[in-house]
Amino acid sequence: MKIGVLALQGDFDAHRRRLEELGAEVVLVKKPEQLDGIDGLVIPGGESATFLKLLGEDGLAKVKDFVRAKPAFGTCAGCILLAAEVENPKQAGLGALDITVRRNAYGRQIDSSIREGRFLHEPIEMVFIRAPKIERVGPDVEVIATEGNDPVLVRQGKTLAATFHPELSDDRRIHQYFLDLIENNRPSDT
Ligand code: GLN
């Protein structure tokens with residue numbers, strides 16, 4: 001399985017390592033042409049406004065086409081990019097997930113923390129770094145993980161997004177979940 005990790009900025013290398021540990025072949029995507037021929041795309045954490053700037057209009061359109069057709073997993077800034085609606089401030093999104101996210105929602109004082117949440121009802125460590133909050137979840141969006149009362153990992157069809165950083169914990173379950181999602185999305189050979 002060939003997975004692309006958007007490698008324009010941010011913590012893409014931790015995703016690369018985790019996906020390779022799980023047996024995937026990883027392509028660090030620095031140019032839109034590299035989106036051809038990959039089975040899924042990870043959009044890492046970083047600064048979502050900077051991603052938008054670096055991608056430019058053309059790059060954004062190509063990523064939009066990709067996420068419409070194939071599985072994508074966004075973490076933190078990546079979650080913000082995949083959303084339909086972004087607040088604080090308002091910002092363009094790819095619209096792959098019918099959610100509203102508020103950037104930097106936890107304020108400056110508690111901008112980074114490690115907390116325990118629940119992934120498919122099981123306890124799991126979650127690393128939050130200047131995290132957004134998912135404030136609205138559309139009717140077709142499934143909540144896969146929670147922290148307190150907040151949805152922190154959501155899925156709509158083949159699109160997955162987390163407000164935390166699973167690539168920074170030792171636990172591999174969330175990346176495995178994404179690889180399983182890609183596997184299940186593959187057209188059968190028959
Ligand atoms: N605060 C960043 C943003 O608004 C996201 C932080 C992160 O990706 N760790 O884009």
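Predicted, not measured: the structure shown is a model, and the values here were computed from it. One-based numbering, in listed order, for ligands and for the atoms of each.
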Region of E47 that comes within reach of ligand 1 [heavy atoms, distance under 4.0 Å]: both
Options G45, G46, P44, G10, ranked by nearest heavy atom to atom 5 (C) of ligand 1, top entry: G46
Close-contact set for ligand 1 against [X] heavy atoms, below 4.0 Å:
X: I80; result: 3 (C), 4 (O), 10 (O)
X: S48; result: 3 (C), 4 (O), 10 (O)
X: H165; result: 7 (C), 9 (N)

I need the nearest protein heavy-atom contact for [atom]: residue, atom name and distance, please.
atom: atom 7 (C) of ligand 1; answer: C76 SG, 2.8 Å
atom: atom 4 (O) of ligand 1; answer: R103 NE, 2.6 Å
atom: atom 1 (N) of ligand 1; answer: N104 OD1, 2.7 Å

Min N/O separation I129 to ligand 1 under 3.5 Å: yes
Test of proximity, T75 against ligand 1: N or O pairs below 3.5 Å: no
cation_pi(R115, Y106) dist<6.0 Å, angle<=45: yes
Got a salt bridge between [X] and [Y], using NZ or NE/NH1/NH2 to carboxylate O under 4.0 Å?
X: E20; Y: R16; value: yes
X: E167; Y: R17; value: no
X: K70; Y: D39; value: no
X: K62; Y: D65; value: no

Side chain to side chain donor-acceptor pair (under 3.5 Å) against D171, all qualifying residues, sequence neighbours excluded: R173
Pairs flagged by ring-ring contact (aromatic ring centres under 6.0 Å, His included) wherever residues 68-102 is involved - sequence neighbours left out: F73-H175, F73-F178
